[in-house]
Amino acid sequence: MSEQNFEPKILAFLCNWCSYAGADLAGTSRIQYPPNIRVVRVPCSGRVNPLYIIKALKDGIDGVLVSGCHPGDCHYQSGNYYARRKFNMIKNLLEYMGIEKGRIHFSWVSASEGGKFAEVVKQVTESIKELGPNKMRLFQNIK
Amino acid sequence: MKKVTKTEFINFLKKQSETFDIIAPIKGDKGIDYDIITDFDKIIFDHVNTDRSFKRFLFPQSQTLFEFKEGVITEAKKQNKKKFIVGIRNCDINSLKVFDYNFIEKEPVDTFYKELRDNTILITAACPASNSTCFCTSFKIDPLSIGHGDIGILFDKEEDSFYIQGNSSAGKDIVDGLSTKDTSDFDQKKEKYKKNHEKNRDLIKDKNLVEIFQSKLEDEKWGEIFKGCIGCGVCTFYCPTCYCFDIEEQGKFWNGKRVRNWDSCMFPIYSKETTGHNPRPTQKERYRNRVLHKFYYQLKHNNEYGCVGCGRCITNCPTNIDIRNIIKTFI
Amino acid sequence: MEVKIKERLSQLFDEQKINCAIIFEKGTMPDKNAPNIIYNKEGLNNLVWNSMNWNNLANYLPKLLGKKIGIVAKGCDSRSIVLLMQEEKVKREDLYIIGINCTGMIDMKKIAKDFGAEISETIFEKDSVKVKGKASEKEYKVKDFLLESCQVCKYPSPVIYDEVLGEQVKGFEGDNYQDITEFEKLSSEERREYFYKELSGCIRCYACRNSCPSCYCQECFVDSNQPKWLEKGQNIDDIFFYHIVRAYHMVGRCVDCGSCQNACPMDINILKLTKKLNKDVRELYKYECGLDPKNTPALSTFEPDDYNEFIK
Amino acid sequence: MKNTYIPITMEVEKNYFETSDRMIKTLRLKFLDERFDFEPGQFCEFSILGKGEAPFGIASSPFDKAGLEFSINRAGVVTKAIHELRIGEKVGIRGPLGNYYPVKEMEGYNVVVIGGGFAFTTLRSLIEYMLNPERRGKYKSIKVIYGARNPGLLLYKDLLENWEKRDDIGTYFTIDTKVEGWNKMVGFVPTITEEVAPSPENCYAIVCGPPIMIKFTLPVLLKLGFPKDKIVTSLERRMKCGIGKCGRCNLGEFYVCNDGPVFNFEQLEKLPKEV
């Protein structure tokens with residue numbers, strides 16, 4: 001596959017209460033966004049174990065997006081606050097170890113923000129397209 | 001037997017590198033270890049022993065057993081470049097008795113090991129000195145012997161020369177082409193190096209370990225000797241005679257391969273069954289199993305010790321568990 | 001110091017305040033001491049205290065749950081005890097902590113390299129060690145050959161103890177994560193290259209995991225097969241996966257004792273990972289683990305105004 | 001030379017739930033190109049590509065030459081995949097592995113077979129083998145004591161009924177607690193063994209079941225006067241290679257996969273307590 005028409009596979013963990021509904025809204029409002037994402041619905045962004053993200057990257061996904069409710073809006077009061085700390089750490093660690101910056105993304109999208117969801121997906125897809133295929137899977141070949 | 005200068009020997013190795021991958025000890029960041037040689041002047045001959053044993057070249061840490069695609073099984077691709085391992089100490093070469101028994105003599109034959117074994121020329125080198133952790137003489141191993149492996153060598157640093165002797169027919173063929181100097185001083189040289197080896201390292205002293213351990217299977221000392229063992233796999237991964245492996249599937253769904261990887265009896269998961277039941281639930285049982293496997297089970301069935309006295313587990317253990325003390329405890 | 005520790009522990013055994021003790025014994029090699037768990041006074045005979053006691057003794061506490069334990073604790077051990085108390089793996093009332101003001105542990109691998117020959121004997125004096133080989137002899141200042149983690153140790157004195165032995169030691173006052181800051185300045189490729197080189201030496205013996213007091217899970221994620229997170233071989237992906245997740249599990253739980261790195265037989269610089277996370281936790285969440293049992297670990301709490309910039 | 005780790009391919013011919021709790025499925029596999037003979041008590045490595053391998057005792061009679069039967073409890077990754085197999089799908093089998101019940105030594109002896117729960121699989125193979133017209137004459141009386149927690153958990157119910165009707169085999173089927181509609185014995189296997197009290201004279205006892213059952217049955221048999229070398233059992237271990245190479249299944253000096261799985265209690269006594 002040439003660099004130009006590289007279509008990344010992106011795994012999206014969407015919180016059931018906000019982002020998933022947001023994605024739904026984007027769909028029902030017929031807002032166009034890139035078809036590169038594969039959605040996994042989770043009860044809360046706090047449910048996303050950073051292990052999932054690394055496992056996905058290791059198994060060859062090109063990018064990961066985790067999206068949850070805005071701070072303060074969590075259905076379970078504080079799940080997304082905890083999640084924020086976890087994601088910050090794993091993101092820092094991965095970048096530190098030399099995995100490119102644009103591989104993992106996080107966003108807050110509420111149930112009413114269909115437009116924002118489409119915008120986020122667009123941005124994420126573009127940034128991953130720029131990076132090209134996931135190199136973590138190809139670690140063996142960098143030398 | 002033949003005697004050649006170092007330059008001649010290096011040239012000899014260079015010639016062999018046309019048909020073989022030459023594996024020899026070189027100095028790395030960490031210490032002296034085997035590696036595939038590209039720069040022949042860097043090979044070290046006068047060290048005592050390498051950090052790791054050469055077992056990983058005959059029994060790789062990961063080995064593909066077969067591959068499958070859409071449910072169709074195909075044999076794994078093999079790299080069949082022959083190997084030529086130089087500078088194996090007598091302790092390590094004796095570990096092959098354990099491997100050969102387990103993988104070749106005992107039915108069915110393990111083809112992966114056999115193939116690598118058949119395609120490897122082993123050069124044993126007499127050991128110029130001993131470390132404080134060495135105890136190979138306990139197992140009737142002569143550190144200065146050049147009679148094991150395909151070819152045996154003795155490196156004399158003073159004269160920068162090698163005494164070289166073919167043992168197997170393949171080894172003899174290889175050695176045949178070399179020119180030689182007078183080798184009559186070999187015994188004298190050997191005697192000289194003998195002085196570097198400390199005596200009284202014999203821990204076993206002709207005792208019958210099978211009988212001893214048979215009566216001490218449930219001895220209460222087992223509860224003490226493993227001390228601060230943290231259950232890592234260092235001793236087993238460094239051990240030249242440990243051959244346990246784990247088989248697992250790699251890949252996704254119907255496409256992938258079945259691979260065997262080194263495993264360690266020190267890990268809790270080693271014998272844990274699906275039901276959650278573990279026959280060796282604590283480090284005590286696991287450690288006992290390791291010790292008995294080396295000094296009782298193998299001795300009984302194969303009449304060979306499962307330990308060669310290289311001392312690697314002692315040097316590398318993060319909590320300083322000393323297998324010598326354990327033998328002493330029970331003898 | 002040794003005499004005092006022995007005296008105190010034997011008293012405690014007599015008074016039946018403890019029924020086991022975690023101590024260091026004189027090792028069988030000149031460059032090693034052996035951590036051990038003893039159950040009676042006789043076990044104290046081999047007790048030793050010098051600058052080779054790098055193992056983190058708190059590692060054994062979760063396995064001894066329910067017993068009355070006497071433990072000899074350096075600064076880092078005591079921090080691990082605090083951490084284990086926070087995570088309810090050990091109860092304060094079960095412990096009798098003999099704190100030691102630690103003057104730092106010595107890196108015997110480094111000394112061995114410098115010494116060149118095989119070490120046959122080590123003799124410890126107040127702040128130096130005399131290393132004897134077969135033919136030579138050399139004296140080293142402990143200060144100059146400290147372990148990486150001890151060089152920048154901020155808390156050499158125990159933070160929690162029933163009694164403390166030795167003179168008060170001043171902790172390191174500079175920035176203990178200076179090397180990480182430097183490392184971060186490298187480009188992404190350089191860093192990846194570095195870790196690739198370091199980690200490709202990993203033989204997956206899991207000594208780093210098992211020597212860490214914070215790693216006490218019943219079943220580690222590497223051992224789990226339902227779900228199966230990673231494969232067991234020598235594939236560099238899996239090695240990376242293991243080290244990333246191991247380090248990640250240490251977020252806000254690592255006390256910088258360095259026992260992972262010291263236990264590593266392949267000399268992999270594992271502290272480069274955990275220290276980075278410790279640095280981030282300190283910078284972002286103003287938290288250092290293992291100082292006060294009343295604190296909540298960094299990932300078990302939050303502030304509404306935590307760093308949010310990275311989220312769209 | 002042949003790569004011993006490659007399984008032969010077999011086809012699933014039949015599969016059905018064996019017990020009422022739907023945890024145990026019996027699979028019948030058909031030999032395709034390659035085939036092998038086996039003895040009662042041997043096991044196979046059942047392999048699902050992409051999931052892994054696991055060892056199971058062969059439950060069908062050695063005289064049933066067309067295929068193999070296994071009864072498999074759903075527990076881990078491989079067994080889950082096995083339960084999901086459909087008829088016609090291909091699976092890998094490596095076998096036959098291990099030793100077998102001492103069928104030759106038992107000739108001319110009485111045999112009492114004591115089984116519990118789903119450990120009855122290889123016992124079924126053994127009983128069918130002994131009941132085969134070719135073999136039946138070689139053994140004296142055969143008694144079967146078989147128990148489960150409730151009637152639904154008994155394996156091979158049709159077969160059990162058949163055996164009851166025969167007069168060359170004594171059957172004692174039991175469940176742990178009384179259930180309506182059950183007109184056979186009630187009680188734990190050790191108790192029933194004591195009641196049945198098979199004579200130790202010239203007799204082999206084959207015991208196979210959960211560890212707890214073996215633990216309590218053994219003293220009963222010893223009390224009845226069975227010599228230890230005539231009490232035979234089949235063991236289980238975590239296994240990987242199944243051919244005595246990978247090391248993990250050792251029980252003391254024996255590899256359960258190669259030297260076992262069938263042992264007598266005289267052998268087991270001399271090993272470290274690691275069952």
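Chain naming here is simple, since letters A, B, ... match the order of the sequence lines and numbering starts at 1 in each. Hydrogens, waters and symmetry mates are skipped; everything else that's a heavy atom, side chains included, is used.
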> Between B:Lys106 and D:Asn258, is a side chain to side chain contact (heavy atoms under 4.5 Å, CB included) present by the stated rule, with each step listed?
Replying inline: CA-CA 10 Å; B:Lys106 211 165 72 177; D:Asn258 243 11; 4.2 Å; yes
>> Is there a salt bridge (Lys or Arg N to Asp or Glu O under 4.0 Å) between D:Glu53 and B:Arg258? Walk through the geometry before answering.
In response: CA-CA 10 Å; D:Glu53 261 186 332; B:Arg258 189 164 288 169; 3.4 Å; yes
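When each of B:Leu292, B:Asn289, B:Thr274 is scored by its heavy-atom pairs under 4.5 Å with chain D, the top score falls to B:Asn289.
A donor-acceptor pair under 3.5 Å is absent between the side-chain atoms of D:Lys51 and the main chain of B:Glu249, judged by distance alone.
At most 12 heavy atoms of other shown residues, nucleotides or ligands fall within 6.0 angstrom of atom CD in D:Glu236. Atom CG of B:Asn303 has 12 or fewer heavy atoms from other residues, nucleotides or ligands within 6.0 Å. Within 6.0 Å of NZ in B:Lys69 there are 12 or fewer heavy atoms belonging to other residues, nucleotides or ligands. No more than 12 heavy atoms of other residues, nucleotides or ligands shown are found within 6.0 angstrom of CZ on D:Phe188. Atom NZ of D:Lys104 sits in a crowded spot, with more than 12 heavy atoms from other residues, nucleotides or ligands closer than 6.0 Å. Atom OH of D:Tyr156 sits in a crowded spot, with more than 12 heavy atoms from other residues, nucleotides or ligands closer than 6.0 Å. The 12-atom threshold is exceeded at CZ of D:Arg35, counting heavy atoms of other residues, nucleotides or ligands nearer than 6.0 Å. By the 6.0 Å contact criterion, NZ on D:Lys80 is open, its count of non-hydrogen atoms from other residues, nucleotides or ligands being 12 or less.
Here D:Lys240 pairs with B:Asp246 in a salt bridge; the nearest charged N to carboxylate O distance falls below 4.0 Å. The pair D:Arg238-B:Glu273 fails the salt-bridge criterion, with no side-chain N (NZ, NE, NH1 or NH2) lying under 4.0 Å from an Asp/Glu carboxylate O.
Residue B:Asn278: no heavy atom, backbone or side chain, is found under 4.5 Å from chain D. Only the side chain of B:Ile73 comes within contact range of chain D, with at least one heavy atom under 4.5 Å from a heavy atom of that chain. The parts of D:Lys270 that come within reach of chain B are both its backbone and its side chain, each placing non-hydrogen atoms under 4.5 angstrom from that chain. Of the two parts of B:Lys114, only the side chain, counted from C-beta on, holds a non-hydrogen atom closer than 4.5 Å to a non-hydrogen atom of chain D. Residue D:Leu251 does not touch chain B at all, counting heavy-atom pairs closer than 4.5 Å. Looking at B:Gln214, only its side chain comes within 4.5 Å of chain D, counting heavy atoms on both sides. Contact annotation for D:Asn73: neither backbone nor side-chain heavy atoms come within less than 4.5 Å of a heavy atom of chain B.
Atom CD in D:Glu253 sits 11.0 Å away from atom NE2 in B:His293 (nearest 0.5 Å). To the nearest 0.5 Å, the span separating NE2 on B:His301 from CZ on D:Phe254 amounts to 5.5 Å. Atom CD1 of residue D:Ile6 and atom CG of residue B:Leu65 lie 8.5 Å apart, to the nearest 0.5 angstrom. Atom-to-atom distance recorded for B:Glu115:CD and D:Asn3:CG is 9.5 Å, nearest 0.5 angstrom. To the nearest 0.5 Å, the span separating SG on D:Cys249 from OH on B:Tyr270 amounts to 8.0 Å.
Considering all non-hydrogen atoms of both residues, D:Pro272 and B:Tyr297 come closest at CG-OH, 3.5 Å. The two residues B:Glu218 and D:Lys273 have their closest heavy-atom pair at OE2-N, 2.7 Å. The two residues D:Cys241 and B:Ile247 have their closest heavy-atom pair at CA-CD1, 3.9 Å. When all heavy atoms of D:Asn250 and B:Arg280 are compared, the closest pair comes out as OD1-NH2, 3.1 Å. For the residue pair B:Phe245 and D:Arg248, the shortest heavy atom distance occurs at O-NH2, 2.5 Å. Taking both residues in full, the closest heavy atoms of B:Phe68 and D:Gly50 are given as CZ-N, 3.2 Å, listed atom of the first, atom of the second, then distance.
In this pair, D:Tyr5 and B:Phe112 present their aromatic rings tilted. The plane angle is within the 30 to 60° band.
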